[in-house]
Amino acid sequence: MPERKNFIREVIDNDLKANKYEGRVQTRFPPEPNGYLHIGHAKSICLNFGLARDYKGKCNLRFDDTNPTKEEMEYVESIQEDVRWLGFEWDKLLYASDYFEQLFEYAVQLIKKGKAYVCDLNADKIREYRGTLTEPGKDSPYRNRSVEENLDLFMRMRNGEFPDGSRTLRAKIDMASPNLNMRDPVMYRILHATHHRTGDAWCIYPMYDWAHGQSDSIERITHSVCTLEFTDHRPLYDWFVEELGVYHPQQIEFARLNLTYTVMSKRKLLQLVEDGNVKGWDDPRMPTISGLRRRGYSPESIRLFADRIGVSRAESTVDVALLEDCLRDYLNKHASRVMAVLRPLKLVIENYPDGGVEELEAVNNPEDASMGTRKVPFSKVLYIEKEDFRETPPKKYFRLSPGVEVRLRYAYIIKCTGVVKDEKTDEVIEVRCTYDPETRSGLPQSSRKVKGTLHWVSAAHAVNVNVNLYDRLFNVENPGGDNWKDSINPNSLEVLKDCKAEPTLATAKPQDRFQFERMGYFCVDNDSREGSLVFNRTVTLRDTWAKIEKS
RNA sequence: UGCCCCGUGGUGUAACUGGCAACACGUCUGACUCUGGAUCAGAAGAGUUCAGGUUCGACCCCUGACGGGGCAGCCA
């Protein structure tokens with residue numbers, strides 16, 4: 001799969017030509033372990049690891065774990081699992097917390113240089129002194145402390161002598177800068193919190209803005225790829241490495257991914273989980289990598305997607321239809337075909353011998369002959385899909401109705417002779433038909449043309465399964481604003497009990513993927529077990545009939 | 001109203017670094033088909049936000065306007 005060219009690759013090509021980093025390409029994927037990864041992160045992962053792969057470089061996985069109050073081991077584990085599942089292997093597994101001591105020394109350097117100071121202003125005061133978007137800020141009264149005093153205070157901050165929030169270490173830059181990030185940004189805050197890796201070794205923690213650039217520098221990252229919102233921070237990162245006189249990585253920003261009919265911010269995803277709108281981070285309706293995995297997505301399909309959406313600096317929203325196309329592209333080639341009836345309707349073949357059973361041969365994947373064939377039992381009483389029968393067929397309806405002939409897939413051509421109705425509700429509860437023994441698949445007469453072909457399952461041999469039908473989580477393309485939750489799709493999950501599947505499925509294991517012919521692609525749910533099978537609908541097939549019927 | 005980023009068919013990206021716009025998704029036809037799937041063939045759809053400028057020539061360069069987005073956490 002040739003990677004598509006994008007502006008970042010052009011930058012790298014030029015750097016390589018100019019021999020800017022001795023021909024090295026070193027990237028990294030730097031998540032904060034404060035939540036599960038989503039499809040937007042997948043874009044970044046494919047980008048960073050893909051760059052390293054294609055330019056024969058290296059890519060680290062580095063956790064930017066600078067805020068112990070929000071980060072957890074659970075997240076660092078899930079992130080590693082997701083990156084691996086996507087098909088990537090990091091050069092080094094690193095943590096910003098590995099650099100806490102080095103970062104502290106760097107800070108001391110800046111203090112000694114007169115470029116950083118301990119500030120006693122509280123959070124409110126700092127905000128007040130910062131000024132506004134249009135007005136300059138003003139200097140902190142603590143801005144001109146002596147180097148000695150700053151050193152002493154900073155050391156005592158580290159030693160735990162001061163309570164949370166009482167002091168900060170700030171870079172001494174320019175309170176009048178039009179770029180707010182340059183108005184003496186906080187480098188360290190006091191936080192008496194236990195860190196998931198460093199425990200209680202520290203009570204001061206570096207801000208992201210202070211830690212991130214230096215971490216990249218320490219790792220000798222050549223191309224530090226990040227999202228657009230950090231563009232305004234780049235001058236600050238540049239200032240730090242220049243004042244420190246250390247290795248200077250090049251930051252390149254790109255637009256984060258937005259997808260229609262879903263939300264992508266960690267905050268909102270967390271809220272969906274906490275409010276019970278979904279059943280967890282890995283709920284198949286979630287755009288998280290673990291959710292997509294449970295839904296039945298393959299790593300290949302997500303990588304293909306990342307490749308097709310490209311990379312740019314223009315903010316955009318990708319149509320989920322593109323993601324689904326990538327999904328079907330993979331599943332069509334790789335998923336075994338089976339027959340399963342989601343909403344069963346009994347079909348009795350009047351002229352078929354009682355108790356007779358035939359083993360009919362069915363193709364496992366018409367796209368891949370090497371996947372072979374299997375036997376499917378056929379008998380007098382079958383189940384067909386409710387929607388495949390209409391007593392009074394609408395126009396262009398190719399399926400079964402009274403007097404009409406259809407093909408039963410891999411079996412015979414049948415003709416509907418009548419129906420049995422529920423006396424009270426008038427609902428059709430059974431369809432009667434006759435079959436033509438000459439038309440079995442493979443026989444000469446089988447070439448007779450009929451309008452439709454139906455899937456079916458032999459009633460006596462069927463295995464009962466439960467099926468989760470998933471639909472989009474939101475009813476609107478761009479769920480935004482304060483009332484984003486109002487557009488949650490109340491019907492995003494429909495649970496079907498006692499669906500009928502062919503016996504092959506009895507031993508299906510979690511994560512196994514199938515195409516239920518004519519119905520869609522399905523994946524065995526993680527909570528499924530033998531005897532109590534649960535399938536998740538990954539995505540429907542392209543359905544031209546659904547389109548016709550709608551209009 | 002300060003600074004920064006962005007503006008190409010419905011959507012997402014391209015355009016060999018200035019030679020009148022390509023690919024994919026989607027949409028619509030038709031063919032084929034024992035999945036109304038897949039596949040195949042074809043069509044519609046933008047003159048590149050706008051106005052100036054530079055140039056023989058601009059989506060590409062310059063200026064300005066308009067539109068969208070980001071930034072005032074001791075979050076990342």
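Below, chains carry the letters A, B, ... as their sequence lines are ordered, and counting in each starts from 1. No hydrogens, no waters, no symmetry mates; every other heavy atom, side chains included, goes into these values.
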With the threshold set at 4.0 Å, does a side-chain nitrogen-carboxylate oxygen contact exist between A:E219 and A:R28? no
Picking from A:D319, A:D329, A:D325, what satisfies salt bridge (Lys or Arg N to Asp or Glu O under 4.0 Å) with A:R308? A:D325
Is the NZ or CZ atom of A:R145 positioned over A:Y117's six-membered ring, under 6.0 angstrom from the centre and within 45° of the axis? no
Polar side-chain contact A:E367-B:U39 base: donor and acceptor under 3.5 Å: no
If the C1' atom of B:C71 is compared with that of B:G37, how far apart are they to the nearest Å? 49 Å
Run the salt-bridge test on A:E71 and A:R197 with the 4.0 Å N-O cut-off and return the result as yes or no. no
Taking only side-chain N and O atoms of A:R407, does any of them lie within less than 4.0 angstrom of OP1 or OP2 on B:U35? no
At less than 4.0 Å, is any side-chain N or O atom of A:T544 found next to OP1 or OP2 of B:G37? Yes or no. yes
Polar pair under 3.5 Å, donor/acceptor by atom type, side chain A:R399, base B:G36: yes
Pick the nucleotide of RNA chain B nearest each of A:K547 and A:L228; which residue has the one closer to the 5' end? A:L228
Determine the interatomic distance between C1' on B:G26 and the same-named atom on B:A43; round to the nearest Å. 14 Å
Could you check which nucleotide pairs with B:C28 in any of the strands shown, counting Watson-Crick or G-U wobble with both distances under 3.5 Å? B:G42
Please pick, from B:G36, B:C4, B:G26, the nucleotide with the shortest atom-to-atom distance to any side-chain atom of A:R518. B:G36
A:D319 (side chain) and B:G26 (base): donor-acceptor pair under 3.5 Å: no
Find which nucleotide of RNA chain B each of A:W545 and A:S316 is nearest to by heavy atoms, and output the residue with the more 5' nucleotide. A:S316
For B:G9 and B:G47, measure between their C1' atoms and round to the nearest Å. 10 Å
Of all the nucleotides listed (B:C4, B:A72, B:C25), which has the minimum atom distance to the side chain of A:L322? B:C25
So if I take every side-chain heavy atom of A:R130 and compare against B:G2, B:C74, B:G37, which nucleotide ends up nearest? B:C74
Against the side chain of A:K449, the closest entry in B:C75, B:U33, B:C71 is B:U33
Closest of B:G7, B:G36, B:A14 to the A:N6 side chain is B:A14
Between the side chains of A:E32 and A:N34, is a donor N or O closer than 3.5 angstrom to an acceptor N or O? yes
Options B:G70, B:C74, B:G2, nucleotide nearest the side-chain atoms of A:R189: B:C74
Is it possible for you to check whether A:K451 lies under 6.0 Å from the centre of the six-membered ring of A:F398, through NZ or CZ, and within 45° of that ring's axis? no
Suppose you measure atom P in B:G10 against the same atom in B:U49; what distance do you get, rounded to whole Å? 12 Å
May I have the distance from A:M187 (atom CE) to B:A76 (atom P), rounded to whole angstrom? 13 Å
Distance between C1' atoms of B:G73 and B:A21 (Å, rounded): 45 Å
Counterpart base for B:G37, defined by Watson-Crick or G-U wobble contacts under 3.5 Å: none
Nearest-neighbour nucleotide for the A:T132 side chain, B:G70, B:A76, B:A72 considered: B:A72
Between B:A31 and B:A14, how many Å separate the two P atoms, rounded to a whole number? 38 Å
Atom CZ of A:F7 and atom P of B:A15 are separated, to the nearest Å, by 12 Å
Do A:F514 and A:F522 have ring centroids that are under 6.0 Å from one another? no
Between B:A44 and B:G53 - C1' atom distance, rounded Å: 36 Å
A:R337 (side chain) and B:U35 (base): donor-acceptor pair under 3.5 Å: yes
Can a side chain N or O of A:T231 be found less than 4.0 Å away from OP1 or OP2 on B:C71? no
Can you tell me the distance, in whole Å, between the CG atom of A:L541 and the C1' atom of B:U35? 7 Å
A:L331 CG to B:U35 C1': how many Å, rounded? 15 Å
Taking syn as any angle within 90 degrees of 0 and anti as the rest, which one fits B:G47? syn
Distance, P atom - from B:U17 to B:U1, rounded to whole angstrom: 43 Å
